[in-house]
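Let me begin by presenting the structure, written as structure tokens, before commenting on it.
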Amino acid sequence: MMQLHWFKTAWRNIHSNRFFAFINLIGLTAGFAGAMLIFCLVYYHLSFDNFHLDGDRIYRMVSASHYEEDDYSQGVPQPVGKAFRNDYIYGEYIAMRSSLGEPQVTVGSGAAKKIFNSEAAYVEADYFRIFNYPFIRGNAAVLTAPDQAVITEKEAKRFFPGRDPVGQQIVINNGNAYTIAGVLKDIPSNTSNRQQLYLSYANYRKANPWMGGDSSWAAVSSGVQCFVKLRPGISAAAVEKVFPAFLSKYISPEGAKHASLFLQPLSDIHFNRTYDGQTEKKQLWVLATVGLFLVLMAGINFVNLATARLFYRSREAGVRKVLGSSPSQIRWQFITETAILVFTSTILSLLTAYAALPSFNQLFDTTISSAALYQPVFIGFSLALFVTVSLLVGYYPGTLLSRLKPAETIRGKLGVARTAGVPLRKVLVVSQFAIVLFMISCTLIISRQMKASMDTDIGFNKTGIVMVDVPNQDLSVIETIRQRVGMLAGVNGLSFCYSSPMSNMYNLNDFEFENATAKTGFRINEKAADTSYLHTFGLHLVAGRNMTGGDTAATCLVNETFVKRMKYTPEQILGRKMTAFGRKVVITGVVKDFHTNDFHEEIAPVCLVSNYRSYGRCAVAMDMRKAKQLLPAMEKVWKEVFPDYGWSYNFLDDNIRDMYHAEETLLKLIQIFSSLVILVGCIGLFGMVSFIAVQRKKEIGVRKVLGASVTSILWLFMKEFLQLLLMALLVAIPVAWYVMHQWLQDFAFRVTLKPGYFVMPVLITTVLVLLTISVKSVRAALSNPVHSLKNE
């Protein structure tokens with residue numbers, strides 16, 4: 001009966017104070033919904049590859065080269081897997097995988113021929129004994145034979161709708177034909193291994209005899225990776241101890257000094273940006289902190305309004321005490337009232353999160369299923385949120401009520417000074433302002449860094465350049481494309497190359513400089529390019545002349561960074577010879593430095609050399625005003641020259657933007673959830689001012705009768721909050737400066753933090769506070785004092 005009475009009384013109190021209940025409900029719902037979406041996102045990333053059996057024993061073998069700078073790669077020399085399997089018994093299973101990207105997959109022939117693209121890789125059979133990707137048809141043994149393929153159930157339905165895929169044939173890149181010998185269950189979305197099509201590893205060795213050979217220890221490609229499932233009881237540290245001797249056995253002593261192998265845990269693959277991970281755990285903790293801020297802001301709003309209204313609840317508490325209620329009963333009465341609001345907010349938040357999830361996935365490039373909201377872990381989080389907030393938020397105001405003396409409260413001697421001046425409430429308001437200031441500061445600085453990354457001079461032209469894959473590097477085909485596309489109206493330049501100047505695709509190699517008495521201590525980034533490369537990308541020569549064309553040309557260009565590393569001047573290095581890429585070349589020109597990778601890394605030493613066999617892409621600089629006519633014309637030429645291949649293209653500036661995908665995603669997340677934090681804070685502040693306006697209604701009426709101006713009454717409202725804002729500023733700005741300073745260290749090219757960067761956050765926060773206060777206080781200041789004093 002007592003509990004039922006609590007619920008009835010709580011409902012009556014909520015109903016009689018609908019405005020303040022509504023304010024709390026909106027604030028809690030916004031905070032909880034944001035926290036729930038953040039929880040889903042964080043849990044989604046933390047769940048990557050956690051479904052594999054014995055995942056704690058699965059590792060990826062990664063490599064590093066140590067010259068003047070350390071260079072890390074997720075790839076290893078191709079022979080590593082076989083050699084390690086033969087020399088040591090540490091691995092229960094060892095498998096090599098060579099990524100094929102998204103090759104063209106041809107199904108059928110003649111009029112029934114269809115062309116698809118699918119993520120593919122060559123793998124050894126033990127790959128499926130390491131990873132938990134179950135077979136629906138067939139088993140891992142099918143990949144021990146050449147010309148065999150395994151596809152996922154999703155791809156089987158796409159390639160062969162309504163047909164049995166096993167026994168069907170597919171052709172990869174108009175080359176080798178493969179027979180479908182097995183079908184896998186669909187790969188879960190929360191895995192770093194996203195391939196949908198797996199080919200026999202024997203075919204990789206056949207297609208790439210040099211890279212795929214057992215003697216290619218000098219070649220490391222990020223796409224050639226080795227996975228190991230250690231035997232039970234074997235530690236990664238014990239295995240890594242044998243790697244130096246293992247490398248010394250197969251490569252030269254000099255080469256072994258500059259090379260290292262490591263074991264990367266499966267749980268680290270998704271999060272390690274050094275080895276091309278998709279995100280970083282510290283970014284997840286940043287988002288988790290934002291989620292905590294959202295819940296804190298909503299809770300602070302509730303506590304502030306509750307403590308401010310103690311004067312109106314004090315007589316109720318006094319009467320209850322006189323009638324025999326214990327302090328704990330009064331406390332639980334208030335907690336029950338709080339729990340009703342929190343429970344309602346939790347339900348509304350769940351509905352909001354469910355409705356927002358599709359847009360959330362699209363905006364942040366995730367694949368979180370709505371089923372995640374029904375998972376035990378999410379239900380547990382929601383229950384924990386409800387119980388924790390109900391108890392913590394309801395306990396303090398309830399305790400204050402339970403401690404009031406009934407004799408004073410019933411006689412009405414508990415004045416404003418005893419309630420509205422509760423020190424904790426001021427601390428909470430300062431905390432709110434500090435959180436808002438911190439979030440705005442971080443958002444603006446991250447935005448500034450991203451803008452600097454995208455808008456700074458990168459040393460070449462990235463606008464209006466289309467990158468098209470070249471499926472056939474035959475010299476006659478290249479010249480045909482050059483002539484036919486080059487004469488189209490709107491084409492300002494055309495170049496065949498291995499990659500654009502700024503790209504994640506690079507080819508690091510050792511080199512020997514003429515008359516050098518010692519190793520240079522660094523490697524160079526080879527970029528195969530034709531003589532039109534400089535013109536097409538707008539690169540500038542600072543000394544010398546362009547290289548000569550032709551595959552046998554023995555000339556090259558280097559960048560300024562290379563010259564500085566060699567301790568020459570641009571003029572001095574001209575005419576010098578070096579041996580690189582398997583041939584001797586003469587340096588004929590020095591190119592002005594351009595950014596070779598994203599802004600997390602320094603500019604690398606570069607050598608541009610003519611080599612048509614490596615021209616995997618065609619860069620076309622176009623007049624964007626004619627793009628609508630030019631792109632279809634290019635497609636027509638391409639299909640005539642390559643009738644058996646599909647047509648696809650992308651713009652260079654989009655490629656460069658993709659290099660900052662993780663940072664842009666983080667920025668969008670912080671912008672959206674910072675806006676939620678600010679919204680919740682403004683809602684709470686509006687509620688506080690609204691209550692103070694009601695509480696001090698008669699005081700304002702007396703002041704107006706005695707001649708107070710509207711401005712002085714506004715100042716009455718604002719001065720206390722501005723004092724609290726100043727205190728918050730002293731707390732938030734140093735913390736924001738420290739956090740942003742640490743975050744910027746990940747960028748080799750970064751903005752420098754200046755005091756002026758924090759002026760805008762302070763101004764924005766001040767304006768938000770003043771506007772929020774003004775909405776209610778102006779109305780109170782303009783009200784007719786007769787209405788507030790007529791009952792006296």
Side-chain angles (χ1 to χ4, degrees), residues 97-123 143 145-152 154-161 163 165-182 195-212 221 223-224 466-485 496-499 505 528 551 611-620 631-632 634-650:
R97 183 186 77 192
S98 176
S99 175
L100 198 55
E102 293 190 32
Q104 177 177 293
V105 182
T106 304
V107 178
S109 60
K113 183 172 72 172
K114 294 182 180 179
I115 295 176
F116 305 91
N117 287 95
S118 180
E119 290 189 75
Y122 300 101
V123 295
L143 290 179
D147 303 329
Q148 303 295 302
V150 170
I151 58 175
T152 61
K154 180 182 73 174
E155 294 297 78
K157 293 176 181 177
R158 190 162 71 106
F159 293 171
F160 310 103
R163 290 187 290 165
V166 176
Q168 302 284 349
Q169 280 203 334
I170 59 174
V171 177
I172 304 298
N173 284 337
N174 291 318
N176 207 69
Y178 294 83
T179 302
I180 305 297
Q195 289 83 8
Q196 305 292 315
L197 171 63
Y198 297 91
L199 310 174
S200 299
Y201 197 73
N203 289 91
Y204 170 65
R205 290 172 168 271
K206 179 181 176 182
N208 299 273
W210 183 74
M211 282 288 292
S221 168
V224 178
V466 174
M467 303 297 296
V468 187
D469 288 340
V470 179
N472 185 342
Q473 285 80 41
D474 183 84
L475 191 57
S476 62
V477 171
I478 288 175
E479 290 305 317
T480 299
I481 291 289
R482 190 190 304 278
Q483 292 175 10
R484 295 190 59 182
V485 175
F496 287 88
C497 56
Y498 175 73
S499 66
M505 299 177 60
D551 186 48
N611 181 4
Y612 78 88
R613 292 183 179 86
S614 297
Y615 294 163
R617 281 152 200 84
C618 177
V620 180
L631 288 172
M634 288 175 57
E635 180 181 4
K636 181 181 178 182
V637 171
W638 224 262
K639 287 185 176 180
E640 290 175 357
V641 177
F642 304 111
D644 295 326
Y645 291 90
W647 155 263
S648 64
Y649 67 91
N650 47 64

Counting N and O atoms only, with roles assigned by atom type, does the side chain of S221 sit under 3.5 Å from a partner on the main chain of G223, one being a donor and the other an acceptor? yes
Side chains of T152 and Q196, donor plus acceptor under 3.5 Å: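 Indeed, the side chains of T152 and Q196 share at least one donor-acceptor pair under 3.5 Å.
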[X] versus [Y], closest heavy-atom pair with distance:
X	Y	value
A207	Y122	CB-OH, 4.3 Å
S99	A121	CA-CB, 4.1 Å
M467	C497	CE-SG, 4.4 Å
A202	P146	CB-CB, 4.2 Å
A145	Q148	O-CG, 3.4 Å

Would you tabulate the side-chain donor-acceptor contacts of residues 166-179 under 3.5 Å, counting partners in other chains and residues two or more places apart, or write 'none'?
{"unit_1": "Q168", "atom_1": "NE2", "unit_2": "D164", "atom_2": "O", "d": "3.3"}
{"unit_1": "N173", "atom_1": "OD1", "unit_2": "Q104", "atom_2": "N", "d": "2.9"}
{"unit_1": "N174", "atom_1": "ND2", "unit_2": "D644", "atom_2": "O", "d": "2.5"}
{"unit_1": "N176", "atom_1": "ND2", "unit_2": "D147", "atom_2": "OD1", "d": "2.8"}

Considering only heavy atoms from C-beta outward, does the side chain of [X] approach that of [Y] to under 4.5 Å?
X	Y	answer
R617	D469	yes
V468	M634	yes
V620	Y649	no
R158	S118	yes
M211	Y204	yes
Y498	N611	no

Can you tell me which residue among I115, N117, L197 is in a side chain to side chain contact (heavy atoms under 4.5 Å, CB included) with V105?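 Answer after filtering I115, N117, L197: L197.
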Taking side chain to side chain contact (heavy atoms under 4.5 Å, CB included) as the criterion, tell me which of L100, V123, V150 meets it with L199.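 Exactly one candidate clears the test, L100.
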Aromatic ring centroids of F116 and F159 under 6.0 Å?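 For F116 and F159, the ring centres are under 6.0 Å apart.
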Rounded to the nearest 0.5 Å, what's the gap from [atom1] on [X] to [atom2] on [Y]? Could you check?
X	Y	atom1	atom2	result
R482	F496	CZ	CZ	5.5 Å
Q195	E155	CD	CD	11.5 Å
E479	R484	CD	CZ	14.0 Å
F160	K114	CZ	NZ	10.5 Å

Tell me, with the steps shown, if Y615 and V470 meet side chain to side chain contact (heavy atoms under 4.5 Å, CB included). CA-CA 7 Å; Y615 294 163; V470 179; 5.9 Å; no
Which residues pass the side-chain hydrogen bond (donor to acceptor under 3.5 Å, both in side chains) test with S476, sequence neighbours left out?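 S476: side-chain hydrogen bond (donor to acceptor under 3.5 Å, both in side chains) contacts with D474.
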For the pair F642 and W638, name the ring-plane relationship: parallel under 30°, tilted 30 to 60°, perpendicular over 60°. tilted
